[in-house]
Structure formats: structure tokens, C-alpha cells
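Structure, as C-alpha cells:
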Amino acid sequence: VPERKVAILGAAGGIGQPLALLMKLNPLVSTLSLYDIANTPGVAADVGHINTRAEVVGYTGDDNLYKALEGADLVIIPAGVPRMPGMTRDDLFNINAAIVKTLSSAIAKYCPHALVNMISNPVNSTVPIAAEIFKKACMYDEKKLFGVTTLDVVRAKTFFAANANLPVADVNVPVIGGHAGVTILPLFSQATPQANLSGDVLTALTKRTQDGGTEVVEAKAGRGSATLSMAYAGALFADACLKGLNGVPDVVECSYVQSTITELPFFASKVRLGKNGVEEVLDLGPLSDFEKEGLEALKPELKSSIEKGVKFVKQ
Ligand code: APR
């Protein structure tokens, strides 16, 4: 098993800590590099006592960011502020955009060849922000930048399985579009195994998947947004990226990447992962009429979120 260094930026946060734990349990990781602006030493010491392969190193402070990143094969970014009740993902924009800008500039400088898994919201905009920063630094490789949309897939699988009365571990549902509200489009017509659900049920399942983040924000009542399920989803996607890097064939996951699959420059869809990141963006496949409508309906919002990210860097 090759040596792989994985860095987590924002490792002491609500997502970062369980994500650090899950990555420490991943046998594909040889060095787990944890970075945060606060509290990293404690998290690194704690996680570091677990007797699995990965050697854990913790860094804090601007001056040490380069050490966290140097030699990284994969950088996962859950740094930022979470969404609180009443806030939309876009309310987070200005704070998180600035954080992502700083961290992307450091990646460009210290580990320009690493794969980047963006978790910081709004992902629809933070991925274009990272892309613009990377372009400015002349190291942008569109095959290596990913917005993590795996939580939407995880939710769609859970909600579909429960309604269809199927064992949840056997269920697969592709989710396309973006990673906020109506831009999230689960393709239940392509779910496996198929189930005979009514149009009304499919509409409700689509809406619940789109509102999954809000459901958690409201249930947490002022104490943040999804952290544990997000960490699980982030760890799952990171594992797929590492498998791809290691040459495991046929690793396919949905992810928000630069593509030409639609007229939008960034779009989430099924992606085959390989030694250099994105190996192939797969066709959307046949859509139901309801999904075709959903696809057209999501485009204006996704387009404006992408433009907002690009504008943030350009001005
Ligand atoms: N560099 C590194 N870490 C940072 C930086 C920075 N410039 N700025 C903030 N952080 C850290 C914080 O110190 C904190 O430990 O990011 C962590 C964020 O953790 P939480 O506040 O608990 O937020 P969390 O719930 O984990 O969500 C983080 O992920 O899904 C998104 O919407 C969510 O954008 C939010 C992000």
C-alpha cells in the first residue's frame, strides 16, 4: 500500500474532528496532517493515540500551514463557519469565501499537485473560488478539484431505502447538480434497486434530500449544522479519491467538478476517479420528466452561485 499524506484544514471543528477520526481509521493513509487556527494539538494528540497505520501530525497558526500541506496527496477542507438557524448557505459566503481563498493560495504554493476535496460551504461557490485562485497561481488542474456532495448521496440513499422498504446498504442513488437547496437533484429514476414509488413520494423524497441540511440545522437548534453525517460522507469520498490515486479500477462517485456535461462550468455528476483525479465525467443518463424539469430549474441558481465565486476572486 503506497504512502499517502492526507491533510485536513479545519481539523478541530465539528466536521473536522470526526473526519480526522475516520481518516485515522483508513488503512490507505500513512500520514494524517491536521491543521486548524485553534485546538489542533489536542485533537492530534487524542486521535494520534489510536493504534492504526496513519502517523498523526498537528499544526496550528499561519506560520505552520506549509508544514501541514507539504507533500500532501489529498487535502480535505472543512474549515469555515457552520450554518446557523435562519442563515442560508449563502449567508456564510463572505466569511467562508475569505477562508477558502487563503487556504487555496497556500495549497497552490505548498502542494500544487494534491487532490482537493472542498467541504466548506457554499460549495457551489467555494469550488469556483479555489479554481480561480489556482488559475492565478498557474497550477490549476481541473481533474484535481472536487466539491464534496457525498452527503446528498448518503441522504438520498437513506430516505429512498426507508420509503421503498429496501435494505439501506444495498441502495444506490446518483445525485447531480450542486450542493444547496434546489440545486441538489437526486435521480431516483436511476436508483438501484428500483422501487415502485408514486410521483408524490418521489417529489417528497427529492424535497427532503434538498432540505436535508436545513433539517439538521433546525434539529440542532442553534448549535450548528450537519457534522457527523458530513464527516462520514467526507471520509467516504476521500477514501474513493485515495483508491483512485492507488489505481483501483472503477471507482465512481458523484462529485461537483469542472465539466462540460451541461452548459455550466461546474456541475455535480458521476465521476470516475483515477491516478490523476477525475478520469471521466460520466453521462447523466436517462432522466424522468420530473428530473428534466428539476435540472432546468436548478441551472439559474447554480450559475449565479458559480459567478458569485468567480467575482469574489476577480474583484
Ligand atoms: N484555517 C483553518 N481552520 C479554520 C480557519 C482557517 N483560516 N478558519 C476557521 N477554521 C476552523 C475553525 O477554527 C473550526 O475549528 O474551521 C473549523 C470549523 O468548525 P465549526 O465551526 O465547528 O464548523 P463545522 O460545523 O465543522 O462546519 C464547517 O463545513 O459544511 C461546512 O457549512 C459548513 O462551511 C461550514 C464548514
Side-chain angles (χ1 to χ4, degrees), residues 7-23 33-44 46-47 58-69 72 75-107 109-110 116-127 129-130 133 146-152 154-155 178-181 183-184 211-238 256 305 309:
I8 302 179
L9 309 182
I15 295 167
Q17 290 200 36
L19 181 58
L21 170 63
L22 293 169
M23 296 315 291
S33 170
L34 306 180
Y35 177 85
D36 202 296
I37 50 172
N39 302 326
T40 336
V43 177
D46 195 355
V47 171
Y59 302 100
T60 193
D62 292 350
D63 295 347
N64 292 311
L65 182 51
Y66 80 94
K67 289 185 199 155
L69 293 173
V75 183
I76 314 173
I77 314 183
V81 294
R83 188 160 62 116
M84 299 307 241
M87 274 172 113
T88 66
R89 284 197 178 85
D90 269 5
D91 291 333
L92 302 184
F93 181 84
N94 284 316
I95 306 170
N96 285 0
I99 293 171
V100 164
K101 190 176 163 190
T102 306
L103 296 176
S104 302
S105 303
I107 290 168
K109 210 160 159 189
Y110 302 120
V116 176
N117 290 355
M118 186 69 70
I119 293 176
S120 309
N121 272 314
V123 162
N124 290 355
S125 305
T126 53
V127 168
I129 287 172
I133 298 288
F146 303 86
V148 180
T149 58
T150 318
L151 182 52
D152 306 317
V154 164
R155 286 175 176 146
H179 182 60
T183 69
I184 299 166
D211 294 344
T214 306
E215 193 177 307
V216 177
V217 167
E218 284 171 0
K220 290 199 175 180
R223 292 169 185 268
S225 51
T227 54
L228 303 173
S229 51
M230 183 59 241
Y232 170 77
L236 204 71
F237 188 68
Y256 182 63
S305 299

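For ligands, and for the atoms within them, numbers begin at 1 and follow the listed sequence. None of the values given here were measured: they were computed from a predicted structure.
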Quick check: [X] and ligand 1, any N/O pair under 3.5 Å apart?
X	answer
Tyr35	no
Asn121	yes
Gly80	yes
Ala79	no
Leu9	no
Gly16	no

| note | Out of Leu228, Ile8, Ile37, the nearest non-hydrogen contact to atom 9 (C) of ligand 1 is supplied by Ile37
| With respect to atom 11 (C) of ligand 1, which of Leu103, Thr126, Asp36, Leu65 exhibits the smallest heavy-atom separation? | Asp36
For ligand 1, note which part of [X] has a heavy atom under 4.0 Å away: side chain, backbone, both or neither.
X	result
Ile15	both
Thr102	neither
Asn96	side chain

| field | Close approach, Ala12 and ligand 1, non-hydrogen under 4.0 angstrom | value | yes
| said: Just to check, does Pro78 reach to within less than 4.0 Å of ligand 1 when the distance is taken from its heavy atoms? | reply: yes
Per-atom contacts of ligand 1 with [X], taking only distances under 4.0 Å to non-hydrogen atoms:
X	result
Ser120	34 (O)
Gly14	19 (O), 20 (P), 22 (O), 26 (O)
Leu92	32 (O)
Thr227	25 (O)

Return the minimal non-hydrogen interatomic distance between [X] and [Y], and the atom names on each side.
X	Y	answer
Ala233	Val154	CB-CG2, 4.3 Å
Ala79	Leu103	CB-CD1, 3.7 Å
Leu65	Ala106	CD2-CB, 3.4 Å

| field | Short side-chain donor-acceptor distance under 3.5 Å, Thr126 and Asn96 | value | no
Spell out, as yes or no, whether a donor-acceptor pair under 3.5 Å connects the side chain of [X] to the backbone of [Y].
X	Y	value
Asn117	Phe146	no
Thr40	Tyr59	yes
Ser33	Ala7	no

| remark: Glu215 meets the salt bridge (Lys or Arg N to Asp or Glu O under 4.0 Å) criterion, sequence neighbours left out, with Arg208
| When you look at CG of Asp211, are more than 12 heavy atoms from neighbouring residues, nucleotides or ligands closer to it than 6.0 Å? | yes
| Qualifying residues under side-chain hydrogen bond (donor to acceptor under 3.5 Å, both in side chains), relative to Lys101, sequence neighbours excluded | none
| query | Going from CG on Leu92 to CD1 on Ile99, what distance comes out if it is rounded to the nearest 0.5 angstrom? | reply | 9.5 Å
